**Student:** 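Next up is a structure, given as structure tokens.
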Amino acid sequence: MTVRVSTIRFQRPTGLAGVIFSGVPVDAAGSTTDASTYLVIRASRAVLGPTRVERGQWWSVRGPVVEREVTADGYRLMELQLDADEARLARPSGEHIVRYLAENSAFEGIGTVKAQRLWDEHGERLYEVLDSADTAALAKTLTQDVAKRLVQAWASQGESLTLQWLHAQGFEPRLGRKVLAYFGSVARESIEEDPYRLLSFCADWKTVDRLAREKFSVSLHDPRRVRGAVEEACYRAFADGHTAMLSAELMERVGPLLGKPPPGVRWRDQLALAVTTGLENGSFVKSHHGLQPLGAVVMERQVAHAAQLRLARSSAPLLPGQAVDQLISEVHAMDGVVLNAEQQAAIHAAATHEFLCITGGAGVGKTTALKALYRLFDVTGVRVFQVALAGRAAKRMQEATGRPAQTIASFLKGFEESQMEGQTVLVIDEASMVDVISMSRLCSVLPPHVRLILVGDPHQLMPVGPGLVLHALQGAPGVPTVELKTVKRYGGAIAAAAAAIRAGRWPTLTADETEAVAFLPCSDELIGETVVELMALDPGSSQTLCAVRNGPAGTKALNALCQERFTSGAPEVKAWNDEFDCFERVGLRVGDVVLCTRNMWSIGLQNGSLGRVVEVGASLPPTAGEVGDDDTIPPRASVEWDDGRCIPLTEDMLDDVELGFAVTVHKAQGSQWPRVIVPVTRNRMLDRTLLYTAVTRAQKQVLLVGDEAAARDAVLAQPRSTLRQVGLDLHLASFRNQMPLESTP
């Protein structure tokens with residue numbers, strides 16, 4: 001049946017989850033077929049594909065329909081729910097022209113509301129009404145003056161045919177806006193010339209290939225399709241973290257995209273021609289590491305050039321060696337901190353070099369070395385800026401050093417070159433997690449005189465994004481690197497186990513849950529129950545760290561089990577549902593541990609912050625008097641966060657707060673808890689660095705639970721970072737061979 005969307009009940013901004021929407025059945029003309037029928041449709045992202053559901057769209061859906069009881073304002077109601085097995089966009093919502101009119105400054109007096117009313121009134125005829133300057137028809141919705149200004153502005157824009165074409169081809173509105181913004185009035189000609197140009201806008205091979213073959217009659221072996229498959233393969237490799245790809249791997253990636261070749265066609269021959277064309281037009285670059293997309297080359301060369309600029313300068317040390325030793329003695333005397341030989345070497349290196357890597361495992365005193373290092377910079381008049389990739393890491397950096405720190409994104413957003421005048425150093429913490437995209441953005445804005453120090457542990461988790469920065473640069477020929485090896489923060493069994501895992505050796509572990517380090521073998525089916533029982537022994541001091549979000553050892557399943565065990569029956573957090581005029585559960589209860597999943601700088605929360613729900617508000621409907629100046633409903637709960645502050649939980653925060661009894665190891669990097677529980681199953685995320693990172697989050701005890709063979713295999717195998725193919729080290733070597741040493745005047 002065909003349904004016109006009237007309400008979106010649930011849809012994440014990212015579009016990654018499924019969607020719940022409601023609507024009414026309509027016929028081919030858009031008339032309601034049954035005024036008494038109202039459907040709620042649940043559709044997974046796999047069924048919907050990349051298209052985002054918008055109010056006003058028509059969707060052809062198919063699937064079983066069941067009656068479902070809901071409670072609204074104290075009344076029990078029955079509604080029909082359809083779980084979609086198939087869903088196809090039958091007619092767009094008019095978002096192309098609605099957004100175009102509302103967001104284009106040329107259409108003065110036309111906002112989103114008026115633009116939507118025009119579409120609701122005229123539908124697809126709106127293009128014809130505007131093209132013919134039919135002010136009389138427009139005046140049914142607008143004033144005469146606004147209608148006249150609208151047709152005059154429309155005539156001057158010249159985008160009518162392009163908008164209609166995007167609409168007719170079934171382009172999803174966000175994709176259509178990107179295409180229109182980039183190509184303008186020649187969008188139609190550009191896409192018809194090569195439909196695979198759309199890969200640059202949506203990176204979705206299945207959608208682009210279908211459009212190309214169905215809408216533009218592109219054959220299976222059309223050279224444009226083969227070139228597009230090569231481009232898609234490069235995008236996918238980049239998404240997997242690689243910035244380079246060997247020729248043999250290219251064929252492995254392209255083959256499944258193209259499918260079975262037509263009779264008489266060999267994909268290998270077609271591929272060779274496509275690569276040659278790409279090399280000629282600059283889409284790809286061939287390096288010693290294989291084929292690299294142009295974008296990856298540009299970013300890696302940006303980073304390599306920034307490093308070499310600083311490495312090539314033979315400027316005088318900030319202080320003579322003897323003066324540095326005197327400063328280290330002052331640190332000993334004034335702060336009572338005894339710096340070991342490795343930490344002292346780091347301070348000497350920072351005084352001498354303008355580009356430096358400081359590496360070391362957990363607990364080796366990297367922060368202590370930084371604090372002493374900042375004494376050197378203060379004495380020599382060097383201004384210090386501190387950044388980290390994640391908000392949580394930036395906050396920890398600030399707390400540990402007593403100096404301001406911010407995320408890389410915030411630093412770039414507020415960057416002013418005037419702030420970097422004079423002697424300046426930028427210190428990047430948790431640098432093992434920094435991808436080449438973030439690093440290249442930093443290097444593109446930093447003045448060449450700014451010193452750079454990368455601090456991190458290449459044996460911990462690698463970047464989520466593409467490339468390797470610290471891994472590729474630390475220890476590369478000519479790059480000064482100081483490794484801190486002496487563990488200070490913790491010792492005993494945890495330190496021994498961590499050191500063994502870091503070195504690729506499986507430690508001897510007991511199955512005694514009272515020991516400081518233990519491995520408790522159990523099946524995947526029992527892992528959830530086992531983890532919850534271990535949490536229950538000391539819930540206030542324990543944190544579960546997972547490799548993945550899904551599956552029996554994932555955060556979703558374990559959080560649900562923990563909530564059932566620890567807060568079942570506690571008062572629930574509820575949000576107001578305008579559609580049904582009643583409260584609805586949001587999945588949180590008093591006593592629940594919660595995790596913040598987005599930086600909220602305005603209220604002092606960072607991605608990765610943990611807290612606990614301490615109270616819920618009264619279950620009374622919102623009234624006009626309750627709505628504040630910002631049109632938000634007052635909070636219905638309060639959360640005490642890990643920094644001791646109690647912050648109201650408002651409805652606009654709900655999408656960015658989830659259960660946190662169990663969190664991923666990625667979210668935990670840099671944090672510590674007295675007691676850590678690590679569920680282990682075989683999965684693609686499990687490797688030596690993940691287990692090492694998880695174990696070193698524990699201060700007093702770490703318990704691993706699950707598949708011991710999988711854990712042992714992961715430790716003995718090479719880290720996943722070694723499988724990433726990058727070209728940064730070779731680009732740096734190339735610059736070093738070309739660039740002579742410079743003397744700073």
Side-chain angles (χ1 to χ4, degrees), residues 338-343 346 358-369 430 432 455-462 471 474 482-522 530-531 534-535 537-538 541-547 553 665-666 668-681 685-722:
V338 178
L339 302 175
N340 61 32
E342 299 153 3
Q343 293 169 317
I358 300 176
T359 66
V364 296
K366 294 191 292 292
T367 301
T368 301
E430 299 286 1
S432 68
V455 183
D457 182 5
H459 293 275
Q460 291 196 35
L461 294 171
M462 64 180 175
H471 301 72
Q474 57 99 24
V482 178
E483 182 181 6
L484 309 183
K485 301 176 182 178
T486 304
V487 176
K488 290 189 169 186
R489 188 172 66 201
Y490 60 91
I494 295 178
I501 292 171
R502 191 175 192 265
R505 301 190 309 272
W506 180 246
T508 301
L509 300 178
T510 178
D512 184 350
E513 65 187 48
T514 64
E515 293 293 325
V517 185
F519 200 114
L520 311 179
C522 72
T530 306
V531 167
L534 291 171
M535 287 278 289
L537 294 175
D538 190 0
S541 301
S542 303
Q543 180 64 51
T544 296
L545 303 181
C546 306
V665 179
H666 281 84
Q669 188 165 19
S671 298
Q672 278 200 299
W673 294 271
R675 187 168 178 263
V676 167
I677 301 166
V678 186
V680 179
T681 58
M685 298 299 294
L686 183 67
D687 82 333
R688 181 193 306 174
T689 59
L690 185 138
L691 287 173
Y692 171 70
T693 303
V695 167
T696 54
R697 300 311 95 201
Q699 295 168 314
K700 296 180 180 179
Q701 185 184 43
V702 56
L703 301 175
L704 295 96
V705 182
D707 190 339
E708 187 171 8
R712 182 187 298 107
D713 292 345
V715 169
L716 298 180
Q718 288 297 310
R720 290 172 60 237
S721 60
T722 62

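Because the structure is a prediction, the values reported are computed rather than measured. Side-chain atoms are counted along with the backbone in the values below, which use heavy atoms only and exclude waters and symmetry mates.
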**Student:** Please test V482 against T359 for side-chain contact (heavy atoms from CB on, under 4.5 Å), starting from the C-alpha separation and ending with a verdict.
**Tutor:** CA-CA 6 Å; V482 178; T359 66; over 6 Å; no
**Student:** Once you round to the nearest 0.5 Å, how far does CG of N340 lie from OG1 of T486?
**Tutor:** 4.5 Å
**Student:** Which residues satisfy the side-chain contact (heavy atoms from CB on, under 4.5 Å) test with V517, sequence neighbours excluded?
**Tutor:** A493, I494, A497, L509, V702
**Student:** Under a 4.5 Å cut-off applied to non-hydrogen side-chain atoms, are E483 and E342 in contact?
**Tutor:** no
**Student:** Can a donor-acceptor pair be found between the side chains of T510 and D512 at a distance below 3.5 Å?
**Tutor:** no
**Student:** Tell me if a side-chain donor or acceptor on S541 pairs with a main-chain N or O of D538 at a distance below 3.5 Å.
**Tutor:** no
**Student:** For V715 and L691, what are the C-alpha separation, side-chain angles and deciding distance, and is it a side-chain contact (heavy atoms from CB on, under 4.5 Å)?
**Tutor:** CA-CA 8 Å; V715 169; L691 287 173; 3.8 Å; yes
**Student:** Hey, are the side chains of L534 and L537 touching, using non-hydrogen atoms and a 4.5 Å cut-off?
**Tutor:** yes
**Student:** Can you measure from CD1 (I677) to CE (M535) and round to the nearest 0.5 angstrom?
**Tutor:** 5.5 Å
**Student:** So which atom in E515 and which in L703 form the shortest heavy-atom distance, rounded to 0.1 Å?
**Tutor:** O-CD2, 4.3 Å
**Student:** Going from CG on L461 to OG1 on T689, what distance comes out if it is rounded to the nearest 0.5 angstrom?
**Tutor:** 5.0 Å
**Student:** K366 and G360: which non-hydrogen atoms are nearest, and at how many Å?
**Tutor:** NZ-O, 3.0 Å
**Student:** Does the side chain of R720 reach to within under 4.5 Å of the side chain of L690, using non-hydrogen atoms?
**Tutor:** no
**Student:** By the side chain to side chain donor-acceptor pair (under 3.5 Å) test, which pairs, at least two apart or in different chains, include something from residues 703-717?
**Tutor:** R682-D713
**Student:** What's the shortest heavy-atom distance between G365 and Q343, and which atoms?
**Tutor:** O-NE2, 3.0 Å
**Student:** Output all residues satisfying side-chain contact (heavy atoms from CB on, under 4.5 Å) with E430, sequence neighbours left out; order by chain, then residue number.
**Tutor:** A393, R396, Q669
**Student:** Working to the nearest 0.5 angstrom, can you tell me the gap between Q543 CD and R675 CZ?
**Tutor:** 11.5 Å
**Student:** Where do A694 and V676 come nearest, in terms of heavy atoms and distance?
**Tutor:** O-CG1, 3.9 Å
**Student:** How far does CE of M462 sit from CG of D687, to the nearest 0.5 angstrom?
**Tutor:** 6.5 Å
**Student:** For P679 versus C546, what's the shortest heavy-atom pair and its separation?
**Tutor:** CG-SG, 3.8 Å
**Student:** Under a 4.0 Å N-O cut-off, is there an ion pair linking D457 with R502?
**Tutor:** yes
**Student:** For a quick check under 3.5 Å, do Q672 and R697 share a side-chain donor-acceptor pair by atom type?
**Tutor:** no
**Student:** V705 versus V680: any side-chain heavy-atom pair under 4.5 Å?
**Tutor:** no
**Student:** Can any side-chain N or O of Y692 pair as donor or acceptor with the backbone N or O of A362 at less than 3.5 Å?
**Tutor:** yes
**Student:** Would you indicate whether the side-chain heavy atoms of L484 and I358 approach each other to under 4.5 Å?
**Tutor:** yes
**Student:** Just verifying a value: how many Å separate R688 CZ and H459 NE2, rounded to the nearest 0.5 Å?
**Tutor:** 8.0 Å
**Student:** Can you name the closest pair of heavy atoms from A698 and Q701 and give their distance?
**Tutor:** CB-O, 3.2 Å
